[in-house]
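Okay, so here's the structure we're looking at.
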Amino acid sequence: MNMMQRWNLNDGLLPATLGGLNELFRSVFDATTDFGPEWLSDRIGALPLDMECGEKEVTVKIPLPGCKAEEINVEVVNDILTVKAERSEEKSEDGEEKHYLRRERSSMSYEESVKLPARVRGHEASASYQDGILTVVLPREEENVDKAHVVKVQ
Amino acid sequence: MEKDMQEKNEVRTMPEPVTIVPLVDIVEGNDGVTLTFEVPGANSESVDIEVLNNIMTMSAKSSLQRNGHPVVFKRNFRLSEEVDVQKITAKTKDGVLTLEIPKAERAKVHRIKVQ
């Protein structure tokens, strides 16, 4: 029985030393052992965007690894921030199809709209891209709501 | 003594990092395997690759935070004997970490011409 299984692994055609190399690499990377509890949690992969509302400005940080600044589009309309990004697929040097042993990253087309927590001056917004993070800083509009209107009783 | 206590207190109030398993693509080529990790907010200074007893650990500190806790990317792989550990190379660009793991010479396909 053991013998049968061993033969089946290699289609019964080649000894493990010749035919089994790809298989060996596959098993090497797939049989990673210590993912157990982590795989079950939500702490995998893509991070959500991070928004901070300060007194003077709203700062939004969006993880967009592997993009180029010119491939990212940032738009502000009223209090809605829209970010679009495309990631062109990296081609292998010889143009051949890549042989994936594992593929978790998505070939990316990202689009997200968020409602900002405060009114902002969209035309004064600035954006920068570093280490795969897009940071958008939006100055808040001065609000007069806090000023009390005193109404005189006549 | 007092200073020691102070330092300890400061350490205690530092928020614990959140460990996140980064997404990875693994591509096999003729000469080895390429691993591409998504590690936004990390760069060459914050990435650490370690191989011990055939277990490769990658970790990368990110500038991102999650609910006020610093984010650390971490993932382990078991390497086979067919890998040349000495020649593993790593580079980071735009929040993507690329690891090149070459096959050991004896694991490569050697074509021998019949004369």
Side-chain angles (χ1 to χ4, degrees), chain A residues 17-18 20-35 37-50 52 61-69 71-72 87 89-90 92-94 96-108 129-135, chain B residues 18-30 32-47 54-57 60-69 71-83 92-98 101 103-104 106-109:
Chain A
T17 41
L18 284 177
L21 187 63
N22 285 352
E23 215 45 61
L24 186 68
F25 265 84
R26 196 163 298 137
S27 66
V28 163
F29 288 109
D30 278 350
T32 38
T33 46
D34 46 350
F35 293 155
E38 284 173 320
W39 276 119
L40 300 174
S41 78
D42 64 342
R43 291 173 172 182
I44 302 168
L47 286 156
L49 62 79
D50 180 35
E52 207 182 288
K61 286 187 179 179
I62 305 167
L64 292 171
C67 283
K68 292 190 183 84
E71 292 172 333
I72 304 171
R87 189 174 64 203
E89 177 130 14
E90 314 113 38
S92 63
E93 282 160 23
D94 46 14
E96 273 180 36
E97 191 115 329
K98 285 179 177 178
H99 178 209
Y100 282 92
L101 301 182
R102 191 189 277 269
R103 192 169 193 179
E104 296 171 358
R105 302 173 62 208
S106 52
S107 53
M108 211 181 67
Y129 182 69
Q130 202 196 355
D131 293 341
I133 297 173
L134 172 75
T135 306
Chain B
V18 177
T19 306
I20 289 176
V21 179
L23 296 177
V24 69
D25 278 353
I26 303 177
V27 174
E28 186 185 14
N30 291 332
V33 179
T34 306
L35 285 78
T36 335
F37 297 90
E38 290 196 348
V39 289
N43 54 39
S44 58
E45 277 157 35
S46 61
V47 169
N54 281 350
I55 303 286
M56 180 179 75
T57 305
K61 286 191 200 93
S62 171
S63 61
L64 282 174
Q65 294 206 336
R66 201 185 214 190
N67 303 326
H69 295 262
V71 167
V72 174
F73 295 102
K74 199 167 185 179
R75 198 156 175 177
N76 298 302
F77 294 89
R78 186 183 295 279
L79 301 176
S80 86
E81 301 284 338
E82 310 296 329
V83 155
T92 52
K93 190 177 184 255
D94 297 331
V96 175
L97 166 68
T98 308
I101 303 181
K103 288 178 190 172
R106 63 194 147 87
K108 285 183 192 166
V109 177

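Chain letters run A, B, ... following the sequence lines, proteins first, then strands; residues in each count from 1.
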Glu104(A) backbone acceptor or donor facing Asp25(B) side chain under 3.5 Å: yes

Side-chain touch Asp131(A)/Pro40(B), heavy atoms, less than 4.5 angstrom: no

Distance, nearest 0.5 Å, that separates CG of Leu64(B) from CD1 of Ile62(A): 11.0 Å

Carboxylate-amine/guanidinium contact Glu28(B) Arg103(A), below 4.0 Å: no

4.5 Å side-chain heavy-atom contact, Val96(B) and Arg105(A): yes

Distance, nearest 0.5 Å, that separates CG of Asp94(B) from CD1 of Ile133(A): 11.0 Å

Closest approach of Gly95(B) to Pro65(A) (non-hydrogen atoms, all atoms of both residues): O-CB, 3.4 Å

Inter-residue atom distance Leu64(A).CG - Glu38(B).CD, 0.5 Å rounding: 9.5 Å

Nearest-0.5 Å distance, CG of residue Asn43(B) to CD of residue Gln130(A): 7.5 Å

Side-chain heavy atoms of Val24(B) within contact of Arg102(A), under 4.5 Å: yes

